[in-house]
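To start, the structure under review is shown below, and the notes come after it.
Heavy-atom basis, side chains included; hydrogens, waters and symmetry copies ignored. Throughout, protein chains are lettered first and strands after them, A, B, ... in sequence-line order, and every chain is numbered starting at 1. It should be emphasised that the depicted structure is a prediction, and the values quoted were computed from it without experimental measurement.
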2 protein chains.
Amino acid sequence: MSEPSKKGITPRAADYSQWYLDVIAGADLAEHAPVKGCMVIKPYGYALWENIQRVLDEKIKETGHENAYFPLFIPKSFLNKEAEHVQFAKECAVVTHYRLKSDPDLGIIPDPEARLEEELIVRPTSETIIYTMFAKWINSWRDLPLLLNQWANIVRWEMRTRLFLRTTEFLWQEGHTAHANESDAEEETRKMLNVYQDFAENYLAISPILGLKSESEKFPGALRTYSIEAMMQDGKALQSGTSHNLGQNFARAFDVGFTDQNGARQYVWQTSWGVSTRLIGGLIMSHSDDKGLVLPPKIAPVKAVIIPIWKSDEERTRVLDHAKELHRKLSDNFSKVAFDDRDYCTPGAKFNEWEKKGAPLRIELGPKDIASDKVVIVERDTGLKISVGEHSAVNEVKARLVSMQERLFQKSKQFREEHSYRIDKYEDFSSRLESGRGFFYSHWCGNGACEKRISDETKATIRCMPFSEQEEKGECIRCKEHSERRVVFARAY
Amino acid sequence: MSEPSKKGITPRAADYSQWYLDVIAGADLAEHAPVKGCMVIKPYGYALWENIQRVLDEKIKETGHENAYFPLFIPKSFLNKEAEHVQFAKECAVVTHYRLKSDPDLGIIPDPEARLEEELIVRPTSETIIYTMFAKWINSWRDLPLLLNQWANIVRWEMRTRLFLRTTEFLWQEGHTAHANESDAEEETRKMLNVYQDFAENYLAISPILGLKSESEKFPGALRTYSIEAMMQDGKALQSGTSHNLGQNFARAFDVGFTDQNGARQYVWQTSWGVSTRLIGGLIMSHSDDKGLVLPPKIAPVKAVIIPIWKSDEERTRVLDHAKELHRKLSDNFSKVAFDDRDYCTPGAKFNEWEKKGAPLRIELGPKDIASDKVVIVERDTGLKISVGEHSAVNEVKARLVSMQERLFQKSKQFREEHSYRIDKYEDFSSRLESGRGFFYSHWCGNGACEKRISDETKATIRCMPFSEQEEKGECIRCKEHSERRVVFARAY
């Protein structure tokens, strides 16, 4: 490790956007690349992504899916095949040449002789290339269901970018499945949404709401899109995962058919679903505080850090020997425990740095602790500091990691509930947006034009039609027309 | 699983290239994508890559490296900074536009208004983008060594492609490190070469030779390149991993400096090293036979397959119940064991399919076996078929997987040794190439022009100057000038 940064964190109340960037910089998660809109994910940020990947990959495989890998490039003509989808795919990186050459006047230029006959686009999502292969692979009902997943990098040309939340290149997983009938496809779509919910709640300690997207917010080409929507600390929504029932739209466009058990030819029913490095943005904004990053223990790259404290050289040897032994003992039980023995930083600087990095527990060990067979444990989220017998350190760390995981989840859930409002007057809706923001459960007529008017006027969009809401007759908050149920409005990332 | 393919495998002796493609198709590892030069890695092939990744990733982390992620795109101007490197990077995909538009006459075209000011190239390797970041991150000797690795997709525009061996897009890991002095960099370069050797020998069961590349074959921009070179069954060499000591070339080009312990400013010393999905091509060509794929057990996605055998319905129930129980028992001990209970294929068709997929062991279970508390185990590589008591099935499977792993390695090693020749006459060299091929240990003067003449005349290149060779005075096989040691010539993939 190198020298700790002395840069502070802007408080949330002063400038929320700057706070977000400061938390990322303070924890050394990522930074802007020298390529417009792209980011560099630094080792500590990437370790977080690896933890996310490992857990999700296991859940995706447990539900019967296999991983595969499809090309980065998609021929331009593929985009054209599904009428709605092409709209989505237009903001993309276009490859036109396959060679550079040195020109005496212009320097290095794309070689005019190496222009591609058909341009390639860098995948903004992989439906078109994957379903071209599905059409070759699927012949009979015995080939169904086909349940695949891909971990990949994705490029969507974004004008306004933000680390993790919206970058030109990002990392994600995209599931793609084909089924023999509509109900199997719907079951798959909902099952994967539940996998995302389970992961968000039990690993990220985030409590999202689940629901159906409106027509204007669904994935282009899908029949129905479901999402999990999390609430950030500024009351804004973050769409954190989506699961699409694609019906037979892509199957028709790419001619993905099969012979059923009666020998008849049918189109397959398809789904796709994905989560991305955006989850890390959600993680940061759900739990962190004005001291820096706060991470749920289950997903934290470092569960605890041991910081030895000494003054004299004699103390240094004694404390380091003891701390090394403690590190060994804890490392046998937790993956992983850091041991910060840098001798060119003060303990105070180390406390500060590990707070910024969101290590769930800090373990302090000094000469007095050793003399009384104690260690000091400090919780990152509460700041609680306790002294415990060294022999019970392993159990104490275990118990505190478990309780912290649960506490962060409850806090996230409570925050969302406290910032969810049932609003029936459009004036309240607007004024509430000015003050605290949050999720607004309001009636809506179901009309896209009315939806657009509301979003133009308030910058709040329909996040979803939540599963949790019962049918309830009412009148649309904007146009007063008849409504069958409440939907959730919020400003969103 | 779907219906087994009935397509056979072309024998090696009849057409080695077609055999290679048939093995891949028969095992369902990968196929050509509808994008020129790209491949689709199918689930069984990707599972193989995941096994390779998991083991290598662990070894890379054990040796102190952390993973990170850098952008896919590299600004064109970055390539220009290192004089030799730019030559290498010219055959690449060039992104010139960031949007498509619909034109009434031309259909979908790159939007002329969305032309990039500076073109981006899709990374053909990441030295330039990574070292731009290193220059920002490294300030003091305390920041060294910086030991990073990246798992990523890479694009190099290739005119003649071949599944796994040479594809326009491929997957790889690339390590990038910076050190305070030359000897640390050299130690790192050799350490990672040894990691690749260890992995090749102990997991892939391949016995490569290690050595130094000649000037003409080294990585452009490197001081020295080391490689592991494996011998395929046709006697050709496959460069299977490279490790480069970059010296201070890139450090100077990208201004990667640090303040040393005396307060003086110095350039860092760098290394890079990588292996790719090419390893899968090497794996296929090292062990497979005319029946299809053969995989070393440690890296095989499926260690054993249970195939139940029955005739009547009554037998079916009894055999399947029994086989399910055996499957449970074996699955507790091995990851993973397949259970092929498809009732629309004959056992013979299943045998054939799993032979093509290279499952190390096949376990047959029929009514007679059950009656005598036996199972039949068949080894994929030797074809040996034995009947063992069911109670000892777990131990028997374990022992046979271990012995098969070792047997494949010894066979690979022996094959290489038997096809390595000490050749001192240029005539023998040429005639040997026509017949059997192999590795030729011959004297070479050290002159690049002479090296080129040999390769033009024989299509054999210097694979490496092997570590195993002692200094030995002699005369160059081509020009008869003085030589200090033998080098290895071979035709190569």
Side-chain angles (χ1 to χ4, degrees), chain A residues 1-3 31 33-35 38-43 45-47 49-50 66-80 86 89-101 107-110 119-122 129 132-133 139-140 142-143 148 152-153 155 157 169 171 344, chain B residues 1-3 31 33-35 38-43 45-47 49-50 66-80 86 89-101 107-110 119-122 129 132-133 139-140 142-143 148 152-153 155 157 169 171 344:
Chain A
M1 287 186 74
S2 55
E3 290 181 60
E31 59 188 68
V35 187
C38 290
M39 67 175 163
V40 172
I41 308 180
K42 299 185 79 175
Y46 198 79
W49 179 241
E50 286 183 310
E66 293 182 297
N67 287 335
Y69 189 76
F70 296 85
L72 173 69
F73 297 131
I74 299 177
K76 192 182 67 178
S77 58
F78 283 26
L79 296 185
N80 239 337
V86 65
K90 278 188 181 169
E91 306 290 324
C92 60
V94 187
V95 177
T96 54
H97 293 73
Y98 58 84
R99 190 164 57 229
L100 294 171
K101 64 171 265 190
I108 302 227
I109 58 164
E119 293 88 355
L120 297 173
I121 69 158
V122 181
I129 186 91
T132 302
M133 302 310 293
N139 291 302
S140 126
R142 288 194 173 118
D143 299 321
L148 296 189
N153 54 343
V155 172
W157 212 270
E169 183 191 11
L171 305 181
Y344 53 87
Chain B
M1 288 185 75
S2 55
E3 291 181 60
E31 60 188 68
V35 186
C38 291
M39 69 175 161
V40 172
I41 308 180
K42 299 186 79 175
Y46 199 79
W49 180 241
E50 285 182 312
E66 294 182 297
N67 287 334
Y69 189 77
F70 296 85
L72 172 69
F73 297 130
I74 299 178
K76 191 183 66 178
S77 58
F78 283 27
L79 296 185
N80 239 337
V86 65
K90 278 188 180 168
E91 306 289 325
C92 60
V94 187
V95 177
T96 54
H97 293 74
Y98 58 84
R99 190 165 56 229
L100 294 171
K101 66 171 263 189
I108 303 228
I109 57 165
E119 294 89 353
L120 298 173
I121 68 157
V122 181
I129 186 91
T132 303
M133 301 311 293
N139 292 301
S140 127
R142 288 193 172 119
D143 300 320
L148 296 189
N153 53 344
V155 172
W157 212 269
E169 183 190 12
L171 305 181
Y344 53 88

Which of the residues [options] is involved in the greatest number of heavy-atom pairs with chain B at under 4.5 angstrom?
options: A:C92, A:P75, A:S77; answer: A:C92
options: A:K90, A:E50, A:K76; answer: A:K90
options: A:C38, A:P34, A:A33; answer: A:P34

Check: Looking at B:P71 and A:M39, what are the two nearest heavy atoms and their distance?
Finding: CG-O, 3.9 Å

Check: For B:I41 and A:A68, which heavy atoms make the closest approach, and how far apart are they?
Finding: O-CB, 3.4 Å

Next item on the list: Check whether any side-chain heavy atom of B:E119 sits under 4.5 Å from a side-chain heavy atom of A:I108, and report yes or no.
Entry: no

Margin query: Within the 4.5 Å heavy-atom criterion, are A:L120 and B:V35 side-chain neighbours or not?
Written below: yes

Check: Between B:W49, B:Y46, B:F70, which has the largest tally of heavy atom pairs under 4.5 Å with chain A?
Finding: B:Y46

Next item on the list: For the pair B:V155 and A:V95, evaluate side chain to side chain contact (heavy atoms under 4.5 Å, CB included) and give the outcome as yes or no after the intermediate values.
Entry: CA-CA 12 Å; B:V155 172; A:V95 177; over 6 Å; no

Notebook entry, point to check: For A:E31, which residues count as a side-chain hydrogen bond (donor to acceptor under 3.5 Å, both in side chains) partner, sequence neighbours excluded?
Noted result: A:K42, B:K136, B:W137

Notebook entry, point to check: Can you name the ring pair (Phe, Tyr, Trp, His ring centres under 6.0 Å) partners of A:Y98, sequence neighbours left out?
Noted result: B:W157

Note to self: Whether the side chain of B:E169 engages the backbone of A:L72 through a donor-acceptor N/O pair (distance < 3.5 Å, no angle test) should be reported.
What the structure shows: yes

Next item on the list: Measure A:T132 against the heavy atoms of chain B and call it side chain, backbone, both or neither at under 4.5 Å.
Entry: side chain

Margin query: Using heavy-atom distances under 4.5 Å, tell me whether B:N80 contacts chain A through its side chain, its backbone, both, or neither.
Written below: side chain

